[in-house]
Q: 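Attaching a single structure in structure tokens format; questions to follow.
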Amino acid sequence: MRLRVCFMEGICAMREQNALLRVRDLKKHFPITRGFFNTVVGQVKAVDGVSFDLFEGECLGLVGESGSGKTTVGRTILRAIAPTAGEVWFRKDSEEVDVARAPHDVLKSLRRDMQMIFQDPYASLNPRMTVLDIIGEPLLVNGVAERRERETRVRELLAQVGLNPHFLRRYPHAFSGGQRQRIGIARALALHPRLIVADEPVSALDVSVQAQVLNLLQELQEKFGLTYLFVAHDLSVVRHISDRVAVMYVGKVVELAPVDQLFHSPAHPYTEALLSAVPNPDPRRKKKRVLLSGEVADPGDTPSGCAFHPRCPYAEDRCKEEVPELREIAPGHAVRCHLSGVLQLEGMAG
Ligand code: SF4
């Protein structure tokens, strides 16, 4: 896939293609309250000014450690949780709708186009419902009242995700983790969505099953022209499926680039550290491991200047005071670091 993007004032703007989704300065802050009267004493800035475009038919990987805000971005985009500020423009037919402010009747119709695949295939399926009821539920809610019609569609969906259509009346406990995740994918596909937010869809699965589910997601993307926002902490998984990757740290995107560029030529020290922890399939190729000191910064008490400075091996004095902006350093490659272009960082070979 060939994409051309540019960044203006930290915003990824599209030149050649129409974006399916445009996220602008998205924020989700959770108040910290204390005392009998629940006095607000601070804010946990889980998402703090995230902007990006998501193009029709692409897969954007969103990576970062636990607490980076990546899952909150996915949920806020679908308005499973309400954003504190910002805009989420979704292109529907010839016009754009701001999901962040859409009234509930508009939101209901948008939900057909925007679906989610959840992380835990054990917790996300109701153990008291059959496969027919689980996958058929979104059809029923959206007006497919006739049971026979639902059954036909559910059989079709089961075949599409590689499950036997005769499993219709089984309960979730009769399936393995990988099969349950396929049921979750079938449910997400039921209403012919255009955008799917996949929240760590393979991290709860065995490694051998992960590849099968990733391949299935890729096949479905090609077949139905789906657009994915793929949230994950595992960079090898993200590399397998994404066209571009956004790296998040404490509520902000710190680097965004086409997948090969990010893996071969990272420009942010945090990306370099994440890449250094990815196992290399070729044991003859040695690479240095960048060990980060300290813990991920607390989004309720973000460090001054660059939030990464307490852990950054390259930090200078100004990093403690000045907040770096997201700047474009090459076509489609943006980074939030004062020293981008100066540092020679190590990526992954191959
Ligand atoms: Fe490190 Fe400074 Fe760049 Fe932040 S701005 S990543 S502290 S070099």
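All ligand and atom numbering here is 1-based and tracks the order in the structure. None of the values given here were measured: they were computed from a predicted structure. Keep in mind that the numbers below use all heavy atoms, side chains included, and drop hydrogens, waters and symmetry copies. Positions are given from 1 along the sequence.
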Q: Do Tyr249 and His268 make the cut of ring centroids closer than 6.0 angstrom?
A: no
Q: Quick one: hydrophobic cluster around Val40, which other residues, with the 4.5 Å side-chain cut-off, linked directly or via members?
A: none
Q: Are Arg128 and Tyr171 in a cation-pi setup, meaning NZ or CZ lies under 6.0 angstrom from the ring centre and within 45 degrees of the ring axis?
A: no
Q: Taking Arg244 first and then Glu58, would you say they form a salt bridge - that is, a charged N and a carboxylate O separated by under 4.0 Å?
A: yes
Q: Linking Ile, Leu, Val, Met, Phe, Trp and Tyr by side-chain heavy atoms under 4.5 Å, what else ends up with Phe30?
A: Ile32, Val41, Val44, Ile81
Q: Could you please give the number of protein N/O/S atoms within less than 2.8 Å of atom 3 (Fe) of ligand 1?
A: 1
Q: Would you please name every residue forming a side-chain hydrogen bond (donor to acceptor under 3.5 Å, both in side chains) with Thr302, sequence neighbours left out?
A: none
